[in-house]
*Asks:* 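I am attaching a structure below and will ask some questions about it afterwards.
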Amino acid sequence: MQRAKPMPRKRRGNGEATEVETNLSLTDTPSDNEGDHVQTYDIPPPPPAKNQIQEAAEEERLDSLETNLVDVPSDKVDHVSDTKKTLDVPPPPPAKDQFQEELVIRPLHSGDTYASFQFRTLWDTDFLRGIYHYQLFPKSLGQVISKFSVRELHISFTQAYWRTMQWGQPFLPSPPGAELWVWFQDAVTDVDVAWKELTNVLSGIFCASASFKPLGVGNVTDQRFLRYAVLPREIKLLPCGSKAGLAVLMNSEKLFHSSFHSQALHIRPVCQDWQCKSTAWELRQTLNVVFDLHSSGQGKREWSLFMMFSPTLTEACPLASSSKVYVDATDNPQGELFELSTATPLLSQAVVLGDRRTYSVYDLTNQATFGQTRSLNMLLRWRAAESGDMLRPLLHGERYVAGYGLQTEEIRTVVYNHHPYRAFPVLLLDTVPWYLRLYIHTLTVTSKGRDNKPSEYCCCSPPTKDCLQPHLLEMLFPLPPNSVTEVTVQFERALLKWTEYTPDPNHGFYVGSSVISALVPSVVAMDTNSTQERPLFSSFFPCKEESSYFMRVYTEPLLVNLPTPDFSMPYNVICLTCTVVAVGYSSLYNLLTRTFQVEEPSPGLAKRLANIIRRLRGVPLL
């Protein structure tokens, strides 16, 4: 990582050298973001000369006299002149970055509670020219973008699997484990070297081992600048940290005891106007959690902020321009399903995943939201015993290993289209490790018992080489309405070297999730203006058509058993070898080093008694 250069001490304006002294430094100025994020402003040009100011003031005064026909005292002339001089110096430009935070709480039909945090930092700057002073945007990530010429970066860390058929679709999907995909700028000459260095840097930042279409603007789909990685087993970046705002709810003990939790970070360029004449960098940090309150032992079908996170909300982040909490009340229009205490009169509607939803809004920037207790602790009590039936998601995917034995097995991916009368194409991306050798000629796609040949098929990677590169399979095929499509391909298990096995080889080897992407038909008209102000949870994926919206679905990771040798055999061989060597060598050593002596037979008992008597009498022994 490159270190920040010292701050400039001189700047020139209008051809004249001007000495500039500033009190902003990397060591003296504290910051809410690790103490090294500061902001500087462009130094305005020097004011015009004094005679020019007086002439301009005199002309303005004469124009005013001719227009209003009012006499102006002489003492006011100097005042006008001084005012003009002051107004000629432009004020410092406003900060070009802003920070927003949101929390969405959705009661699920299964009785669980889904909480989604989103923190957005928007900065109008150019990282490629080199930025040395930061305020809201994390400096560590800005240096990564500048050094490696990153155009988009998306990384996620997820524990557990999202149960789509029970919980519905998440706002931002992510596969189990760790996922990273990066788009580089066109100026990068060696993408592989930049990818390797970038993964090492991100592993240090996040303390982890770490074909997509870009989600930002300028998304030229040149595969040469795309790199993707996935590990199926595997807060300090916020301006206010964990001291204020929604981040105070992030209690690690509560979060990691949940049924599902996923944290992700997304960096991309976004448009600032409707015509996209100017762009800005967007940093979006998300945290999705599903709380299972039935297994908590409380015996009550209710939830509150204190029950889920332990602390409650007391204030918004002072650096945030927007800080809101949304509670999904779409299925509870008259309050027949649940009762929400600390009610709010603010309601908002948003189109999320092709469906219009209604939310109760709590604005944390308004002090009236906290009431007299200066604390916000929402409590939801269920009135009905059942939450009702959940609508099936229009797009859903599953994957598993079928077959029997070790030679006739296949990977089967099942894609569901629950739309009653609309067909739409899907893009399937599958990454399979090299130790599962795929037979591409056995690839089949069937829908409703008929062959469904892919319209576009690409085995994007060269022939797989052992220990070097995996299989990368990508295909585009249509989904008939109300259908189930199966994609099957046979594979063979490879026998690894004994040094390539994991410490628990009998547990099996994980295979990353398949990625299913599609433009799903929408029930309501989608908003194609991405610059319009709307909630963060409904504005992540760009929408270019009113009749459809983008959706990405991840399947389950696979657990495959490989041919595993008996790792106790080396121990047995060592023990047997040591035993044989010990027995054979000890016997030979005894034969070579032993000495033999002739011993006389011992006398009998009578003779020994006689010798004793003779010894006592002083007579020679027999």
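Quick note: numbers below take in every heavy atom, side chains included, and nothing from hydrogens, waters or symmetry partners.
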*Asks:* Return yes if some donor-acceptor pair links the side-chain N/O of T564 with the main-chain N/O of L562 below 3.5 Å, else return no.
*Replies:*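 Judged by distance alone, yes, a pair lies under 3.5 Å.
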*Asks:* Given side chain to side chain donor-acceptor pair (under 3.5 Å), test E556 with Y400 step by step and report yes or no.
*Replies:* CA-CA 8 Å; E556 304 93 336; Y400 54 91; over 6 Å; no
*Asks:* Mind checking whether T485 and T446 have side chains closer than 4.5 Å, heavy atoms only?
*Replies:*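 Not in contact.
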*Asks:* Go through the steps to decide whether M308 and L249 satisfy the test side-chain contact (heavy atoms from CB on, under 4.5 Å), and finish with yes or no.
*Replies:* CA-CA 9 Å; M308 292 189 297; L249 301 178; over 6 Å; no
*Asks:* Holding to side-chain hydrogen bond (donor to acceptor under 3.5 Å, both in side chains), I want the full list of residues that pass it with E410, two or more places apart in sequence or in another chain.
*Replies:*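 E410 satisfies side-chain hydrogen bond (donor to acceptor under 3.5 Å, both in side chains) with R412 once adjacent residues are dropped.
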*Asks:* Passes side-chain contact (heavy atoms from CB on, under 4.5 Å), E398 versus T555? Steps please.
*Replies:* CA-CA 5 Å; E398 298 176 352; T555 62; 5.8 Å; no
*Asks:* Would a 4.5 Å heavy-atom cut-off, applied to side chains only, mark E492 and L436 as touching?
*Replies:*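 Not touching, per the 4.5 Å side-chain cut-off.
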*Asks:* Is any side-chain heavy atom of D430 less than 4.5 Å from a side-chain heavy atom of M475?
*Replies:*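 They are not in side-chain contact.
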*Asks:* Please enumerate all residues that pass side-chain hydrogen bond (donor to acceptor under 3.5 Å, both in side chains) together with T488, with sequence neighbours excluded.
*Replies:*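 Applying side-chain hydrogen bond (donor to acceptor under 3.5 Å, both in side chains) to T488 gives T444.
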*Asks:* Carefully, step by step, assess Q135 and H133 under the rule side chain to side chain donor-acceptor pair (under 3.5 Å).
*Replies:* CA-CA 7 Å; Q135 184 174 0; H133 311 295; over 6 Å; no
*Asks:* Ring pair (Phe, Tyr, Trp, His ring centres under 6.0 Å) for Y554 and W162? Distances and angles first, verdict last.
*Replies:* CA-CA 9 Å; Y554 293 92; W162 181 270; over 10 Å; no
*Asks:* For the atom pair CD (Q169) and CZ (R552), what is the distance rounded to the nearest 0.5 Å?
*Replies:*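 Answer rounded to 0.5 Å: 12.5 Å.
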*Asks:* Could you list all the ring-ring contact (aromatic ring centres under 6.0 Å, His included) pairs where at least one residue sits in residues 563-584, not counting sequence neighbours?
*Replies:*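 For residues 563-584, and leaving out neighbouring residues, the ring-ring contact (aromatic ring centres under 6.0 Å, His included) pairs sorted by first residue read Y501-F567.
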*Asks:* Where do Y510 and H507 come nearest, in terms of heavy atoms and distance?
*Replies:*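 The pair with the smallest heavy-atom distance is OH-NE2, 3.1 Å.
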*Asks:* Any heavy-atom pair between the side chains of L380 and P107 that's under 4.5 Å?
*Replies:*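 A side-chain contact exists here, since the closest heavy-atom pair is under 4.5 Å.
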*Asks:* Within a strict 4.5 Å, meaning less than it, do heavy atoms of the F491 and V401 side chains meet?
*Replies:*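 A side-chain contact under 4.5 Å exists here.
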*Asks:* Return yes if a side-chain donor-acceptor contact under 3.5 Å exists between S156 and S174, otherwise no.
*Replies:*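 Their side chains do not contain a donor-acceptor pair, so the 3.5 Å distance test is not met.
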*Asks:* Under the salt bridge (charged side-chain N to carboxylate O under 4.0 Å, His left out) test, which residues partner R608, sequence neighbours left out?
*Replies:*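 None.
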*Asks:* Do the non-hydrogen side-chain atoms of V290 and S258 ever get within less than 4.5 Å of each other?
*Replies:*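 Heavy-atom side-chain distance check fails, nothing below 4.5 Å.
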*Asks:* Flag the pair I155 / E179 as yes when at least one side-chain heavy-atom distance between them is below 4.5 Å, and no otherwise.
*Replies:*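 Result no, sub-4.5 Å side-chain heavy-atom pair not found.
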*Asks:* With side-chain contact (heavy atoms from CB on, under 4.5 Å) as the criterion, how do W195 and V182 come out once you've worked through the C-alpha distance, each side chain's angles and the decisive distance to 0.1 Å?
*Replies:* CA-CA 8 Å; W195 165 259; V182 181; 3.9 Å; yes
*Asks:* Sort and list the pairs that fulfil salt bridge (charged side-chain N to carboxylate O under 4.0 Å, His left out) and have at least one residue in residues 435-446, not counting sequence neighbours.
*Replies:*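 Checked against salt bridge (charged side-chain N to carboxylate O under 4.0 Å, His left out) - neighbours excluded - the pairs reaching residues 435-446 are R437-D466.
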*Asks:* Please determine whether the number of non-hydrogen atoms from other residues, nucleotides or ligands lying under 6.0 Å from atom CZ of R381 exceeds 12.
*Replies:*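 For R381, atom CZ is not crowded (no more than 12 foreign heavy atoms under 6.0 Å).
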*Asks:* Taking only residues two or more places apart in sequence, or in another chain, which ones meet S116 in a side-chain hydrogen bond (donor to acceptor under 3.5 Å, both in side chains)?
*Replies:*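 Partners of S116 under the side-chain hydrogen bond (donor to acceptor under 3.5 Å, both in side chains) test: N288.
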*Asks:* Could you list all the side chain to side chain donor-acceptor pair (under 3.5 Å) pairs where at least one residue sits in residues 577-591, not counting sequence neighbours?
*Replies:*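 Checked against side chain to side chain donor-acceptor pair (under 3.5 Å) - neighbours excluded - no pair reaches residues 577-591.
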*Asks:* Could you give me the CA-CA distance, side-chain angles and deciding distance for L136 and L283, then say whether side-chain contact (heavy atoms from CB on, under 4.5 Å) is met?
*Replies:* CA-CA 10 Å; L136 299 180; L283 167 64; over 6 Å; no
*Asks:* Do R399 and T413 meet the criterion of a side-chain donor-acceptor pair at a distance under 3.5 Å?
*Replies:*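 Per modelled atom types, R399 and T413 side chains form no pair under 3.5 Å.
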*Asks:* Check whether any side-chain heavy atom of F119 sits under 4.5 Å from a side-chain heavy atom of L246, and report yes or no.
*Replies:*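 Heavy-atom side-chain distance check passes, below 4.5 Å.
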*Asks:* Sequence neighbours left out, what passes ring-ring contact (aromatic ring centres under 6.0 Å, His included) with F117? Give chain and number order.
*Replies:*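 If we apply the ring-ring contact (aromatic ring centres under 6.0 Å, His included) test to F117, skipping adjacent residues, the hits are F309.
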*Asks:* For F171, check ring-ring contact (aromatic ring centres under 6.0 Å, His included) against everything at least two apart and list the hits.
*Replies:*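 F171 satisfies ring-ring contact (aromatic ring centres under 6.0 Å, His included) with Y114, F537 only.
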*Asks:* Could you tell me which residues satisfy ring-ring contact (aromatic ring centres under 6.0 Å, His included) with F509, sequence neighbours excluded, listed by chain and number?
*Replies:*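 By the ring-ring contact (aromatic ring centres under 6.0 Å, His included) rule, F509 matches Y435.
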*Asks:* Test of understanding: with side-chain hydrogen bond (donor to acceptor under 3.5 Å, both in side chains), list the residues that count as partners of D190, not counting sequence neighbours.
*Replies:*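 D190 satisfies side-chain hydrogen bond (donor to acceptor under 3.5 Å, both in side chains) with no other residue.
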*Asks:* F306: what forms a side-chain contact (heavy atoms from CB on, under 4.5 Å) with it, not counting sequence neighbours?
*Replies:*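 Checked F306 against side-chain contact (heavy atoms from CB on, under 4.5 Å); matches are S304, T312, N377.
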